[in-house]
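Numbering starts at 1 and runs along the sequence shown.
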Amino acid sequence: MRGWLSEIDVAGFGVAQAHLATTISVDRVVEATGANVGPVALRQIRELISDLIGL
């Protein structure tokens, strides 16, 4: 974590860097982990991305 405002600490996963959002094809997903970041972190990530792109 670099302390940037565009980063969100995601417990158990590391850091989500909202300024580096990208898309990938579902064909590139190799294996499902059965885990996710959870509703609180997901909401924070979505809000931050919305702020960054001006929505």
(request) Sequence neighbours left out, what pairs pass ring-ring contact (aromatic ring centres under 6.0 Å, His included) with at least one residue falling in residues 20-40? (result) none
Cut-off 3.5 Å, no hydrogens considered: what does the side-chain donor-acceptor table look like for residues 36-50, sequence neighbours left out?
residue: Asn36; atom: OD1; partner: Gly38; partner atom: N; Å: 2.9
residue: Ser50; atom: OG; partner: Arg46; partner atom: O; Å: 3.0

(request) Under the side-chain hydrogen bond (donor to acceptor under 3.5 Å, both in side chains) rule, collect the residues that match up with Gln17, sequence neighbours excluded. (result) Glu7
(request) Can you tell me which residue pairs pass the ring-ring contact (aromatic ring centres under 6.0 Å, His included) test with a partner in residues 31-55, sequence neighbours excluded? (result) none
(request) Only counting residues at least two apart or in another chain, list the ones meeting side-chain hydrogen bond (donor to acceptor under 3.5 Å, both in side chains) with Ser6. (result) His19
(message) Who clusters with Ile24? Use side-chain heavy atoms, under 4.5 angstrom, across I, L, V, M, F, W and Y, and order the result by chain and number.
(response) Val29
(request) Could you name each residue pair satisfying ring-ring contact (aromatic ring centres under 6.0 Å, His included) that touches residues 33-55, not counting sequence neighbours? (result) none
(message) Taking ring-ring contact (aromatic ring centres under 6.0 Å, His included) as the cut-off, I'd like each qualifying pair that reaches into residues 29-55, sequence neighbours left out, listed once.
(response) none
